[in-house]
Amino acid sequence: MRHSRIFVLHVVLLCALPFSLRGQTPRIEWDVLNQEVEELYRAGKYDRAIAIAEQALQVAEQSFGSDHPSLAMSLNNLAALYDTKGDYAKAESLYKRALTVQEKVLGPEHPNVAGTLNNLAGLYYTQGDYVKAEPFYKRALAIQEKVLGPEHPDVAASLNNLAGLYYTLGDHVKAEPLYKRSLAIQEKLFGPENPDVATTLSNLAALYATQGNYAEAESLYNRSLAIQEKALGADHPDVAATLNNLAGLYYTHGDHAKAESLYKRSLEIHEQMLGPEHPDVATTLNNLAALYGAQGNFTEAESLYMRSLAIWEKVLGPDHPNVATSLNNLADLYRSQRKFSEAEPLFKRSLEIQEKVLGSDNPELVTSLNNLAGIYKAMGNPAAAEPLSKRSLALQEKAFGPDQPDVVAGLNNLAAIYRAQGNPAKAEPLYRRALAIQEQSLGPDHPDTVASLNNLAGIYGSQGNYAEAGSLYKRSLAIQEQTLGPEHPDVATARNNLGGIYGAQGDFAEAESLYKRALAIREKALGPDHPDVAVSLNSLGGLYAAQGNSTEAESLYKRALAIQEKAFKPDHPNVATTLGYLAGIYITRSNFTEAGPLYKRALAIREKALGPDHPDVAASLNNLAALYVNQGNFAEAGPLFERALAIREKALGPDHPDVAATLNNLAGLHRLQGDYTEAEPLFKRALTIWEKSPGFEPPELAVCLTSLAGIFRARGDSAEAAPLYERALAIREKIFGPDHPQVAASLNHLALLYDSQGDFAKAEPLSRRTLAIIEKAFGPDNVHVVTSLINLAALYDSQGDFEKAEPLYKRALALQEKALGPNHADVAKSLNNLAVLYRATHREADAEPLEKRAAQIRTAKQ
């Protein structure tokens, strides 16, 4: 799920204080007070400014009466200050009173009336009430065009304001010509190097950046910066604002070095010119903190966010919307580190502030609602997340309309919650709708479509629809390479995603190429110790593990673990994930002594960080239970599987796919113990859950069918088992194609079934096809080939065809000794297989040393 992070100052609207606070008046006291208000405002001392503005208003009321333009100016100034402080109710009342005075004294079409209309519209815009804002902006513009002419500076300012509204609404078609017209007026009136021109250039640049036109945006930002530095000096606050904007562009484009340099320069200017506790300093601190967070420098990011928050709380009070923004940003940093207990109360407080200030139906609540929903989803509580996400989407649809780009985030977030609930049928249409909106409004190759493409691909991938998933991931990769360049970290993510699809399909060579390229990009762009590098290392390690290359996989997992322990600390949930991967490598080697402590450490980390009832805890319980099963310690395994099942049923609901997976594990344990009566209903319940998945049959359905068939086969009920094995084979061939290792697994089951029935004619071709698939997928010298070799050899052995069986047994033994070492338990089994064959062919002298060696291995293992 994506969480919004608000970057202030990236769009500058000319509506905060449209009137000069130096209004001319016969009363010197009033003039002096107004000058002091302006100085305090610029210094960010809003409480003191309000006190002085109230004095100025009192003087105006006493000196000029209730119907004087100067009174309206005082009302406007005080309203603007309350607006800045977030006291919107007081601001609205004062603006409206000023407007009433002006319309009565000056007439409804006076330029001063237009100024107050702009202010009032800006107030509604700040509150997210865009429907109210638009007519006020339009009326202000109409007055100015009629009274002042179409090329007046105030007309340019109003065009900027109206364009900013449309920009926020995602209506770039309306926004762009207004910005361009404003720019043309300013360039004609003031020349091409005026500071007002620079402001409009920045606004237009922000529009182009949103459209993905980074080259044009960069050019306009640089031109704006050059104008301001020349006209205002290199250390002017407006220069700092544009530096912030340009830094934000580089941040988005992945050029963190340039972004950091500009943010730091902006911060230095703001601190020097405005003081260390000015609101603009807080804004730049927030932006720089976001950059450090993206780089994995969480300590520095946290420090800057907290400093920013302290400034906002001191200057604006604890209940200001900007405080809510800072709380959101800090909480989002904790969320990215999976510090959910620290993030949740901050997200809640942020939402409470916004509801208090803006009301419960304001679209500005969307970010906080989505963030809080996201934290509940991450905590394994999608039921709590769903109503928040639905509320967020409803606010967006009401504010923007159902087909606007601003609705896309809400659709994607709600879909992600349904996916976490194991309900792809609800998630898919939302992802599709989000993508369709973006394609229609932005075009099919816009960078903003990438997230929707990836989300939809993820759904298809989880269902085993790899062809559709791969197509979407490829399209996403192409867009990002074209937009961001081939070396951007987001391109690495796209390559990683696509690599996962190829790996799942058994195309290990293509997957390896994509994973390695992703790793190289991340190491170059982010440095060798960035957490995203660990993600690539784990992906590549998993690929090697799937191919039986445990040595290479172990090395990569260990490096990933070291990175995560350094970046996140040793007790972070991400560390637990990699510990699980590493333990899995040791399991494949039957090195249970190494695996056990890793699984236990992973479980302890997750229980401490996430709580004892989190679904990730269930995953660790499953892993540890599986270890005990491998050791034959069924008494220890059973309670762990049962606890994992209880956690998942409570957190995810009784029909979630993860529940089915645990049912499968628990049923498998009962089957190993020969308790088919307990196992069968569990397998059947798991099967029912998987069969509820609409559309494409997921790969897990084949697993359940195979498990249930194993029960019937163990009972000798081949008639019941065969159709289940055949259905599993059909599902896997459809999903993976005819040459995938999982297809080989189904062929092997069928071959063994036919062998048990004495139907050699059916069993042999299936067993041969199994071996051919495995050799093609992994190579003829891979340890994965061993099982197929032994099964085919045993088939010939049972037919008395020892000549064909012997070379297969020998080849299997050689592969095991090479891959597992000469003293592995599986080597002992192969030695025995070959010894039995020798005795069957009256070669006792050859059999005896093999039997002795096998006995020595077993004794050593005991």
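Distance alone, capped at 3.5 Å, is enough to place a donor-acceptor pair between the Gln396 side chain and the Asp406 backbone. The backbone N or O of Leu365 sits nowhere less than 3.5 Å from a side-chain atom of Asn362 that would complete a donor-acceptor pair. Looking only at distances, no side-chain donor or acceptor of Asn549 sits under 3.5 Å from a matching main-chain atom of Ala545. Checked by atom type and distance alone, the side chain of His446 pairs as donor or acceptor with a backbone atom of Thr210 at under 3.5 Å. A distance-only check finds a donor-acceptor pair linking the side chain of Ser539 to the backbone of Val535 [under 3.5 Å]. Under the 3.5 Å distance criterion, the side-chain polar atoms of His614 are left unmatched by any main-chain donor or acceptor of Glu607. Checked by atom type and distance alone, the side chain of Tyr544 never pairs as donor or acceptor with a backbone atom of Glu554 at under 3.5 Å. The main-chain N or O of Gly248 is found under 3.5 Å from a side-chain atom of Thr252 such that the two form a donor-acceptor pair. Checking side-chain atoms of Thr284 against main-chain N and O of Leu267 turns up no donor-acceptor pair under 3.5 Å. In terms of modelled atom types and a separation under 3.5 Å, the side chain of Asn213 and the main chain of Ala209 share no donor-acceptor contact.
If you check the side chains of Asn497 and Ser476, you find no donor sitting under 3.5 Å from an acceptor. In this model, no donor atom of one side chain and acceptor atom of the other lie less than 3.5 Å apart for Asn413 and Ser389. Checked by atom type, the side-chain pair Asn244/Thr283 shows no donor-acceptor distance below 3.5 Å.
Contact between Ser308 and Ser326 at its shortest, heavy atoms only, is OG-OG, 3.5 Å. Here the closest heavy-atom approach between residue Pro531 and residue Ala567 is recorded as CG-CB, 3.8 Å. The shortest heavy-atom contact between Ala385 and Lys377 is CB-N, 3.9 Å. Residues Ala290 and Tyr251 approach most closely at O-OH, 3.7 Å, considering heavy atoms. When all heavy atoms are compared, the tightest approach of Ala373 to Ile417 is CB-CD1, 4.2 Å.
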Please test Ile563 against Leu537 for side chain to side chain contact (heavy atoms under 4.5 Å, CB included), starting from the C-alpha separation and ending with a verdict.
CA-CA 10 Å; Ile563 291 171; Leu537 291 166; 3.6 Å; yes
When you look at Asn328 and Ser368, which way does the side chain to side chain contact (heavy atoms under 4.5 Å, CB included) test go after all the steps?
CA-CA 7 Å; Asn328 255 325; Ser368 290; 2.9 Å; yes
Please report the C-alpha distance between Phe568 and Phe298 in whole Å, then the side-chain angles of each, then the deciding distance to 0.1 Å, and finally whether the ring pair (Phe, Tyr, Trp, His ring centres under 6.0 Å) criterion is met.
CA-CA 8 Å; Phe568 297 120; Phe298 303 124; 5.7 Å; yes
Under the salt bridge (Lys or Arg N to Asp or Glu O under 4.0 Å) rule, what do Glu229 and Arg265 come out as? Steps first, then yes or no, please.
CA-CA 13 Å; Glu229 288 179 321; Arg265 185 182 158 202; 2.5 Å; yes
Mind running side chain to side chain contact (heavy atoms under 4.5 Å, CB included) on His320 and Val315 for me, showing each step along the way?
CA-CA 10 Å; His320 192 276; Val315 175; over 6 Å; no
Give the intermediate values and the outcome of side chain to side chain contact (heavy atoms under 4.5 Å, CB included) for residues Asn287 and Leu291.
CA-CA 6 Å; Asn287 292 342; Leu291 176 67; over 6 Å; no
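Ring centroid separation for the pair Phe340 and Tyr376 does not come in under the 6.0 Å cut-off.
At least one side-chain heavy atom of Lys348 sits less than 4.5 Å from a side-chain heavy atom of Glu344. Side-chain contact check for Ile269 versus His236: every heavy-atom pair is 4.5 Å or farther apart. Counting heavy atoms from C-beta outward, Asp448 and Gln211 have side chains that stay 4.5 Å or more apart. Side-chain contact between Gln564 and Asn538 is present, with at least one heavy-atom pair separated by less than 4.5 Å. You'll find the side chain of Leu309 stays beyond 4.5 Å of the side chain of Met306, heavy atoms only. Tyr221 places none of its side-chain heavy atoms less than 4.5 Å from the side chain of Leu201. Looking only at side-chain heavy atoms (C-beta outward), Leu610 and Pro573 come within less than 4.5 Å of each other. Under the 4.5 Å side-chain criterion, counting only non-hydrogen atoms from C-beta, Leu285 is not in contact with Tyr305.
A salt bridge is absent between Arg419 and Glu386; no separation between the charged side-chain nitrogens and carboxylate oxygens falls under 4.0 Å. Ion pairing of Arg223 with Glu216 is absent here, as no side-chain N (NZ or NE/NH1/NH2) approaches a carboxylate O to less than 4.0 Å. At a threshold of 4.0 Å, the pair Glu260-Lys264 counts as salt-bridged, since one of the basic side-chain nitrogens sits closer than that to a carboxylate oxygen.
A cation-pi arrangement is present between Lys258 and Tyr250, with the terminal nitrogen or guanidinium carbon under 6.0 Å from the aromatic centre and inside a 45° cone about the axis.
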Indicate every side-chain donor-acceptor pair of residues 481-494 with a distance under 3.5 Å to a residue at least two apart or in another chain.
{"from": "Glu481", "atom 1": "OE2", "to": "Arg495", "atom 2": "NH2", "distance (Å)": "3.0"}
{"from": "Thr483", "atom 1": "OG1", "to": "Ile479", "atom 2": "O", "distance (Å)": "2.8"}
{"from": "Glu487", "atom 1": "OE2", "to": "Arg517", "atom 2": "NH2", "distance (Å)": "2.8"}
{"from": "His488", "atom 1": "ND1", "to": "Asp490", "atom 2": "N", "distance (Å)": "2.9"}
{"from": "His488", "atom 1": "NE2", "to": "His253", "atom 2": "O", "distance (Å)": "2.9"}
{"from": "His488", "atom 1": "NE2", "to": "Gly254", "atom 2": "N", "distance (Å)": "3.1"}
{"from": "Thr493", "atom 1": "OG1", "to": "Pro489", "atom 2": "O", "distance (Å)": "3.4"}
{"from": "Thr493", "atom 1": "OG1", "to": "Arg522", "atom 2": "NH2", "distance (Å)": "2.9"}

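Here Lys569 pairs with nothing under the salt bridge (Lys or Arg N to Asp or Glu O under 4.0 Å) rule; sequence neighbours left out.
The local environment of CD in Glu300 is crowded, with over 12 non-hydrogen atoms from other residues, nucleotides or ligands closer than 6.0 Å.
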